[in-house]
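Here is how names work: the chains are called A, B, and so on, in the same order as the sequence lines, proteins then strands, and each is numbered from 1.
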Amino acid sequence: MIRAILIFNNHGKPRLSKFYEHYTEDTEQQIIRETFHLVSKRDENVCNFLEGGMLIGGSDYKLIYRHYATLYFVFCVDSSESELGILDLIQVFVETLDKCFENVCELDLIFHVDKVHNILAEMVMGGMVLETNMNEIIMQVDAQNKMEKSETFIFQSTRQDR
Amino acid sequence: NEITLAFRRQRKRAANRDKVNLARCRRTAAANMPAVSKGDGMRGLAVFISDIRNCKSKEAEIKRINKELANIRSKFKGDKALDGYSKKKYVCKLLFIFLLGHDIDFGHMEAVNLLSSNKYTEKQIGYLFISVLVNSNSELIRLINNAIKNDLSSRNPTFMCLALHCIANVGSREMAEAFASEIPRILVAGDTMDSVKQSAALCLLRLYKTSPDLVLMGEWTSRVVHLLNDQHMGVVTAAISLITCLSQKNPDEFKTCVSLAVSRLSRIVSSASTDLQDYTYYFVPAPWLSCKLLRLLQCYPPPEDGAVKGRLVECLETILNKAQEPPKSKKVQHSNAKNAILFEAISLIIHYDSEPNLLVRACNQLGQFLQHRETNLRYLALESMCTLASSEFSHEAVKTHIETVINALKTERDVSVRQRAADLLYAMCDRSNAKQIVAEMLSYLETADYSIREEMVLKVAILAEKYAVDYSWYVDTILNLIRIAGDYVSEEVWYRVIQIVINRDDVQGYAAKTVFEALQAPACHENMVKVGGYILGEFGNLIAGDPRSSPLVQFNLLHSKFHLCSVPTRALLLSAYIKFINLFPETKTTIQEVLRCDSQIRNSDVELQQRAVEYLKLSSIASTDVLATVLEEMPPFPERESSILAKLKKKKGPGAVSVTELEDNKREGGELNGGADRGPDSASTPSPSGDLLGIRAAAPIGAAPASAGSLLVDVFSEAGIAVSSAAVNDEGFLRFVCKNNGVLFENQLLQIGIKSEYRQNLGRMYLFYGNKTSVQFASFTTTVSCPGELQTHILPKGFPHFKGYCGAQIQQVLNIECLTDFIDAPLLNIKFRYGGGLQNLTLKLPVTINKFFQPTEMASQDFFQRWKQLSQPQQEAQKIFKANHSMDTEVLKAKLLGLGTALLDNVDPNPENYVCAGVIQTKSQQIGCLLRLEPNAQAQMYRLTLRCSKDLVSQRLCDLLAEQF
């Protein structure tokens, strides 16, 4: 099972956090910090797996991460998941984001937190993988966008927006 | 590749971020903000985010956020009804604020209101807010449930998926109560859309995990299993997670999934790389699903049906063959996907542990990976090999890689990989290579990361003891351990070396000489002083003949360390001094002078002062004979244990401890422990007797003072425990009859794992307590009690409470000695506070009589001769029973070996039958046991016959074993 999915940048600023087990808000923040601390001190070209921090369950859990330029994508998983499989899943996630945002960059994740959550929800649900096929995921996201657009046209008018 | 490039461009931008942001800040109102142009135009949100990003300090950020929170709060509270768009925008802002780590204590109601909107966008954002911010205890659950109910019955697939997602994310008990019966119906209904089926499968899985009692699969079982055949690969992907989880919990009911999984796997593996279209990932057909199918198969023993098994073996061979083919793409994703499947296939091969041919191929494949240039593959290869090392077929093959692994330990740049290498060395260690491996681990320890030192120390200590042929090597190793990593040497380790030295005459002289030399070092670790003090106090006479280590030299050496040591160590040294007076009368005046000086006899520490006073007095008034008796050499350790416990065992009812017994205990505790642990250490040891006293009024009051000063945690009478604890949980118990390691118990709060080792009549069990919650448990205490004859000592190690961390794991060590044969198992009682309630848990520890088996090899003739000798009716026990598990030969063999007996070949005239022989080692006697197991594959039945040299033991073993096959 996937316990948490975290994205943060090179400075440790969280860009997405999704927990599939319940933690208090404080603990969640601590986990993000701890994970950043563990992952960011690692060199490039070392392996993509390491034991989880104490907060998230220690050696029973693995952090599987990928570093894309300014962002770390970290999945915290238990022993029932294949490490390389999760690595592929991260790649699928990023490729999907790339397609949906047309050359995704950190700013897209910042300004569209809701979208990123929705895309993730098409892949992972309750900590288990729902779908790995990128085209299927994109199809679902496109369908949502279409629905959104049709509603926006009807309801959005000029307004004071602050 | 492209994506990396995209991010790289971003990096350049990020480098100038401040400039960019400043520019953007000035243009906040302008419409050409890049982020906005892509989205749906929630400009207020974008502006807010930009503002936050421009904040120069944390204070400014908090100020801006508070302003926004106030704004949103007033909007929500305002009279004017908000339209859907505004609600959505504000909820998004709250989400963003939450992500930054600020508490959100309002807005929940607004989010719930959004759920009942009939606009997709609003509904979606409502669900998003709830999945991120609402936890399972929320009072809003009922309202949310209502909205979900409406959406589930809406027949709009998008809405249904949103609702299912929400259930899977929150997954509370109340939700399970409301929907557990509905969701299986959605899952298997013929007209359900594929995407909804996928969500329903995972939703059901989540509910099953949180409330298994509410999810009743019964009638759905077969239809759920058949989802493995679904046309849509996405449905299979989601369903397989569900089926895997259900199979783990109810293997028998879901057995049919094995053949379905094999045929699905076979279709995928043999398909061309283009057949599966979208599910082909970088030229590998459906890698994720393949991995999951292989995982599912690991829930079961090898298929019994020959055809299915054949097909599966073919799949595994194909996967191994494909690994050798040249890659279809140079991209790392291609090799990742291919190897993900390969590693799962290898795991399955190791799990079956029955195909020597495949095992050896797997081992060779992993061997190649050990030297691969990809760090990930080296890491995984080391990890898989670890499990492979425990298989008898491949243990030797794994050992051939020892040099590579040692090299990895020395040269890998990545600590994660080095750790795996250390694990593997530990796993591949046996008598033949123990010296080499221990030496390598010791030298690695000098530079090892701090985080893994303690574990390494334990591993070295265990290996050194387990494979010690000559005990001088063992002593050297442990002393080296103390020298290299003294801070990480826990009490058990140095207790153990002393116990072994005391119990083995042949190593005592050597030990004395070695510690004497070790103490010469100008700075040596306090643990070294402890070991040194103890051993010289006992066996200093063995090296006193050499003028370089004459009694006075020894004494001066020890005393030169005295002032640098902590109180417990000083106490131990004082005991060593009085022992010196007995061993070497010529040191008497020197030592008396030391004892008499103010810093001893008026020491502010009561323990030290008392010792100084008593020892001084003892040395001046007692005659040589009395001294020699009082300060006699320590008896071997098991005897000491039994003398305390033989008495405690007898005390059955409350208040049964007589005064004499108490005094005995006190004397033994003080004298025999050499006082090493009567200092502050023991004060922090949880006193379970005190704890029990608080709970049950009728407890034997005398137990508390007896154990309070003692190193050993007390053991209680059977009667006491039965009163104080909740019902005994023995679910895990039977699973451990034929194995020693695993998870004993798990619930939502706590996981307890055990690792145990047995030698002759002694055993040692490591208990690992893992806190699964995010909060700390208060007043966590554990006690072990022994009904009947089995005596148990606990040396509590480390922290009795969960400190600081919420996901912490703590470890406890339990030493066990078998005095005589026994039936009942010791009970482990655990108490802690969680969320205000007292949790009280009693588990049966899997210590069974068969753990003390020593295998006995014998020829056919001997076997039958002994068999005949044990012919009295009460010496035999027999049972005929139905097979509950696989009757596969290899599985049976593994179980019988796990039992601890020797499996004898060519003894029984019928090759189908199994015969075993062993001797149960107890302190009081040895009990010979012969076993015969006759399987009848057609009837799926067994006949089990046991003959033992002692009455009742056969019956007990028979009862235990009948549950295992």
query: Is chain A contacted by the side chain of B:C245, its backbone, both, or neither, given a heavy-atom distance below 4.5 Å?
result: neither

- request: With a 4.5 angstrom heavy-atom cut-off, could you sort out which part of B:Q419 is near chain A: side chain, backbone, both or neither?
  value: side chain

task: Would you mind checking which part of B:S131 comes under 4.5 Å of any heavy atom in chain A, side chain (CB onward), backbone (N, CA, C, O), both or neither?
output: both

- request: Give, as side chain, backbone, both or neither, the part of B:E344 having an atom under 4.5 angstrom from any heavy atom of chain A.
  value: side chain

B:Q124 to A:Q144 - nearest heavy-atom pair and separation: NE2-OE1, 3.5 Å

task: With rounding to the nearest 0.5 Å, note down the distance linking OG1 in B:T237 to CE in A:M128.
output: 11.5 Å

- request: Report yes if the side chains of B:W288 and A:V92 come closer than 4.5 Å at any heavy-atom pair, otherwise no.
  value: no

- prompt: Which bit of A:V113 comes within less than 4.5 Å of chain B, counting heavy atoms only: side chain, backbone, both or neither?
  reply: side chain

message: For A:E21, which atoms come within 4.5 Å of any heavy atom of chain B: side chain, backbone, both, or neither?
response: neither

query: What part of B:H334 is in contact with chain A, defined as an atom under 4.5 angstrom from a non-hydrogen atom: side chain, backbone, both or neither?
result: neither

- request: With the side chain counted from C-beta on, respond yes when B:D414 and A:R42 share a heavy-atom pair under 4.5 Å apart, and no when they do not.
  value: yes

- request: Considering only heavy atoms and a distance below 4.5 Å, find which of A:L50, A:T24, A:I110 pairs most often with chain B.
  value: A:I110

- prompt: With only heavy atoms counted, which part of A:R33 is less than 4.5 Å from chain B, the side chain, the backbone, both or neither?
  reply: neither

- request: Side chain from CB out, backbone as N, CA, C, O: work out which of these in B:I341 comes under 4.5 Å of a heavy atom of chain A, or both, or neither.
  value: neither

task: Give, as side chain, backbone, both or neither, the part of A:E131 having an atom under 4.5 angstrom from any heavy atom of chain B.
output: both

- prompt: Between A:V129, A:T132, A:N135, which has the largest tally of heavy atom pairs under 4.5 Å with chain B?
  reply: A:V129

message: Can you confirm whether B:S199 sits close enough to A:M125 that some side-chain heavy atom of one is under 4.5 Å from a side-chain heavy atom of the other?
response: yes

Under 4.5 Å from a heavy atom of chain A, the part of B:L95 involved: neither

task: Below 4.5 Å from any heavy atom of chain A, which atoms of B:E412 appear? Answer side chain, backbone, both or neither.
output: neither

Working for side chain to side chain contact (heavy atoms under 4.5 Å, CB included), residues B:K331 and A:Q91: CA-CA 12 Å; B:K331 288 223 161 95; A:Q91 179 71 16; over 6 Å; no

- line: Of A:S17, A:C47, A:G126, A:S80, the largest count of non-hydrogen pairs under 4.5 angstrom with chain B goes to A:C47

message: I'd like to check A:K18 versus B:N169 (side-chain heavy atoms, cut-off strictly below 4.5 Å). Are they in contact?
response: yes

Toward chain A, the part of B:F96 with a non-hydrogen atom under 4.5 Å: side chain

query: Side chain, backbone, both or neither: which part of A:K99 has a non-hydrogen atom closer than 4.5 Å to chain B?
result: neither

field: For the student: nearest non-hydrogen atoms of B:K209 and A:M1, plus distance
entry: NZ-SD, 3.6 Å

- prompt: Looking at B:K292, B:E374, B:R378, B:H102, which makes the most heavy-atom pairs under 4.5 Å with chain A?
  reply: B:K292

query: Does any heavy atom of chain B fall under 4.5 Å from the side chain of A:I31, the backbone, both, or neither of them?
result: neither

- line: If one checks every heavy atom of A:D43 against chain B at 4.5 Å, the contacting part turns out to be side chain

- prompt: Does any heavy atom of chain A fall under 4.5 Å from the side chain of B:F98, the backbone, both, or neither of them?
  reply: both

